[in-house]
Amino acid sequence: AADLISIPVVFHVVYNTPEQNISDEQIHSQLAVLNADFRRTNADRINTPTHFADLAGDAGIEFCLASTAPDGSLTNGITRTQTSSTSFSANNNNIKRQDRGGAPAWDRNQYLNIWVGNISNDILGWATFPGMGSSSQYDGVVLFYKTVGEPPYNPFRSQFNKGRTATHEIGHWLGLQHIWGTGNESCSDTDYIDDTPNQYSPNYDCPTGTIVSCENGPYGDMWQNYMDYSDDACMNLFTNGQIAYMQAVLNSSRSELLT
Ligand code: ARG
Ligand code: ZN
Ligand code: CA
């Protein structure tokens with residue numbers, strides 16, 4: 001197995017109301033979820049069906065809150081910015097722009113930037129993919145503030161309150177496509193990963209049993225995968241193929257983070 005990779009993370013909390021100014025504890029709870037999911041120590045790994053268990057892996061990636069800021073000063077890895085903007089859109093990068101009421105990125109070659117704010121309820125989160133050279137100041141993940149961490153720190157509705165939006169978005173940030181592929185409803189598109197079953201379209205809510213699409217029987221769609229759209233409580237794995245892809249990204253377009 002590859003060496004354990006440790007990624008320094010900075011959370012930029014951009015808040016308009018006190019409720020949006022989520023606590024340090026809620027962010028620590030998110031870190032714990034990420035470290036469990038990317039090391040496959042998540043308690044719900046036992047819910048991975050036996051027929052997919054051999055495909056599931058430990059990504060060997062861990063996340064730590066940054067302890068040194070870009071200017072060399074000590075930090076707890078959390079910045080807090082009060083904004084007059086009542087919400088932020090996923091159609092622009094305003095949350096990442098000081099001149100638009102957001103918070104500027106820290107050097108993407110040294111940190112994973114995660115912005116937390118009042119983006120739309122429906123979107124939950126979004127991420128930039130690797131290799132977006134021209135927009136380095138926008139590189140990273142954006143999370144709807146209510147999706148961060150787990151109960152008791154996270155009071156959001158139970159579908160999306162287990163911190164898996166961050167797991168999913170970091171999957172994108174490390175190059176993973178949605179498990180059903182880059183189209184919406186198609187069996188001829190792909191997620192470019194060999195060991196994930198070909199899948200027609202997203203799965204929502206919490207499926208039970210086998211959902212066959214794209215002739216992927218007998219086991220069907222891998223709706224337990226972090227890169228599907230299932231509820232947080234129903235996702236529990238990355239595959240070895242996805243892990244190899246993320247590791248390759250970390251060793252190529254995101255290799256500056258490792259030095
Ligand atoms: N819609 C978002 C995306 O495609 C996030 C989906 C998160 N899903 C979840 N169960 N938390 O990136
Ligand atoms: Zn996604
Ligand atoms: Ca596949």
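No hydrogens, no waters, no symmetry mates; every other heavy atom, side chains included, goes into these values. Every number for a ligand or one of its atoms is a count from 1 in the order of the listing.
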Which atoms of ligand 1 sit under 4.0 Å from any heavy atom of H168?
3 (C), 4 (O), 12 (O)
Which atoms of ligand 1 have any heavy atom of T165 under 4.0 Å away?
7 (C), 9 (C), 11 (N)
Starting from atom 4 (O) of ligand 1, find the nearest protein heavy-atom neighbour and note its residue, name and distance.
Y229 OH, 2.6 Å
Judged by non-hydrogen atoms, does M235 sit under 4.0 Å from ligand 1?
yes
Note the single closest protein heavy atom to atom 9 (C) of ligand 1, along with its residue, its atom name and the distance in Å.
D232 OD1, 3.3 Å
Closest approach of any protein heavy atom to atom 8 (N) of ligand 1, naming residue and atom
L124 CD1, 4.2 Å
Report the nearest protein non-hydrogen atom to atom 12 (O) of ligand 1: residue, atom name, distance rounded to 0.1 Å.
E169 OE2, 2.5 Å
Has I193 got an N/O/S atom less than 3.0 Å from the Ca ion (ligand 3)?
yes
Which residue and non-hydrogen atom of the protein lie closest to atom 1 (N) of ligand 1, and at what distance in Å?
I123 O, 3.2 Å
Between R164 and D44, is there a salt bridge with N-O shorter than 4.0 Å?
yes
Is it the side chain, the backbone, both or neither of S230 that has a heavy atom closer than 4.0 Å to ligand 1?
backbone
Under 3.5 Å: N/O of H178 near N/O of ligand 1
yes
